[in-house]
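Before any comments, here is the structure.
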Amino acid sequence: MSSDFEAYEQDFGTLTAEITNKIGRIPKLGGEEKTQLVLNVDKQLEEVRELMEQMDLEVREIPIQSRGMYQNRLKSYKGEMEKLEKDFKRSRIAYSDEVRNELLGEDAGSSESQRAHLLDNTEKLERSSRRLEAGYQIAVETEQVGQEILANLHTDREKIQRSRDRLRETDANLGKSSRILTGMLRRIIQNRVLVFVLGAIILLTIVLAIYFNVRGQ
C-alpha cells in the first residue's frame, strides 16, 4: 500500500509543479492564449483533486501503526493544494477583471473593489470547506476507532466464553472425581466393618470352642 501512496506522491509533485508554473504565467499572457491556459490549469487541478482522493483511500488501507506518518504527509499535500487553488483563483479573478475592463470599460477603482470582495468571499468559502473537511476527517477517524473497539470487544467476549467453558468442564470433572472418591470411601468403610464382624465371629467361635472343650473334660 505504501508503494502506491509514494507513486501518487510523485504524480502529485509533477502536477503541482506544472500548475505552479502555469499560474505564474497567466497574468503575463493575453487573449486566447491566456484563456486556454486558464482552462488547462483548471483541468489539471481537477486531476490533482482526484489524485488526493486516491491518496486518502490508500492511507485508510495502511495499518494503523504506520498510518499517522502518511496522514501527516497527506495533510501537508492538502495544504499545498489549497494554496494552489487560492493562487489560481486570484490569477483567474485578475484575468476576469481585465476582460471586463476591456469589454465594459470599468474604471480601476471599481475593479479593485470587486476583486477584493471576490477574494474575501473566496477565502470564506475556503475556510468553510476546510472546516467541513476537518469534520469529515474526524468522523472517519472516529468510525475507525469504533470499529477497532468493537473488534477488541468481540475478541474479549470470545476469550471470556472460552474461560467459562473451561470452568464448566473443570466443575464437571471435579464433581465426577468427588463422586468416585465418595464411592471409594464407602467401600473402604464397608470392608472395615466386614473385617471387624468377621473377626468378632472368629473370636466368638474360638471362645465357644474353648469353653465347650473345657466343660467337656
Output for pair (L84 CG, K89 NZ), nearest 0.5 Å, gives 11.5 Å
In the hydrophobic cluster built from side-chain contacts under 4.5 Å, what are the other members alongside F196? none
d(L37 CG, I23 CD1) to nearest 0.5 Å is 9.0 Å
Does one hydrophobic cluster hold both L204 and F212, with members joined at side-chain heavy-atom distances below 4.5 Å? yes
Side-chain donor or acceptor of N191 paired with backbone N/O of R187 under 3.5 Å: yes
Pair listing, salt bridge (charged side-chain N to carboxylate O under 4.0 Å, His left out) test, anchored in residues 65-77, at least two apart: E9-R73
From OG (S178) to CG (N173), nearest 0.5 Å: 12.5 Å
For the residue pair F88 and I19, establish whether any side-chain heavy-atom pair is separated by less than 4.5 Å. no
For the pair R168 and D165, find out whether any cationic side-chain nitrogen is under 4.0 Å from an anionic carboxylate oxygen. yes
Measuring from E33:CD to T35:OG1, what's the distance to the nearest 0.5 Å? 10.0 Å
Hey, any chance L57 and I62 share a hydrophobic cluster, counting ILVMFWY side chains that come within less than 4.5 Å of each other, even indirectly? no
Evaluate the side-chain contact (heavy atoms from CB on, under 4.5 Å) criterion for residues L194 and L198: first the C-alpha distance (whole Å), next the side-chain angles of each, then the deciding distance (0.1 Å), finally the verdict. CA-CA 6 Å; L194 182 60; L198 291 173; 4.1 Å; yes
Which ILVMFWY residues are connected to V193, directly or by a chain of links, through side-chain heavy atoms under 4.5 Å apart? I189, V197, I201
Looking at L45, L51, T16, which one forms a side-chain contact (heavy atoms from CB on, under 4.5 Å) with M81? L45
Quick one: list whatever passes side chain to side chain contact (heavy atoms under 4.5 Å, CB included) with I206, sequence neighbours left out. I202, I210
Residues which pass ring-ring contact (aromatic ring centres under 6.0 Å, His included) with Y77, listed by chain and number, not counting sequence neighbours: F12
Does the side chain of Q36 reach to within under 4.5 Å of the side chain of N40, using non-hydrogen atoms? no
Pairing of E169 and R166 as salt bridge, 4.0 angstrom limit: no
Inspect the surroundings of CZ in R157 and state if more than 12 heavy atoms from other residues, nucleotides or ligands are less than 6.0 Å away. no
When rounded to the nearest 0.5 Å, the distance separating CE of M52 from CG of D56 is 8.0 Å
Answer whether the closest heavy-atom distance between the side chains of K78 and K83 falls below 4.5 Å. no
Using the side-chain contact (heavy atoms from CB on, under 4.5 Å) rule, take R25 and K34 through it: C-alpha gap first, then chi angles, then the decisive distance, then the call. CA-CA 9 Å; R25 290 168 50 203; K34 178 179 287 189; over 6 Å; no
Looking only at side-chain N and O atoms, does E58 offer a donor or acceptor that is under 3.5 Å from a partner on Q54? no
List for me each residue that meets side chain to side chain contact (heavy atoms under 4.5 Å, CB included) alongside Q10, sequence neighbours excluded, and say none if there are none. none
Which value, rounded to the nearest 0.5 Å, describes the distance between E82 atom CD and K86 atom NZ? 8.0 Å
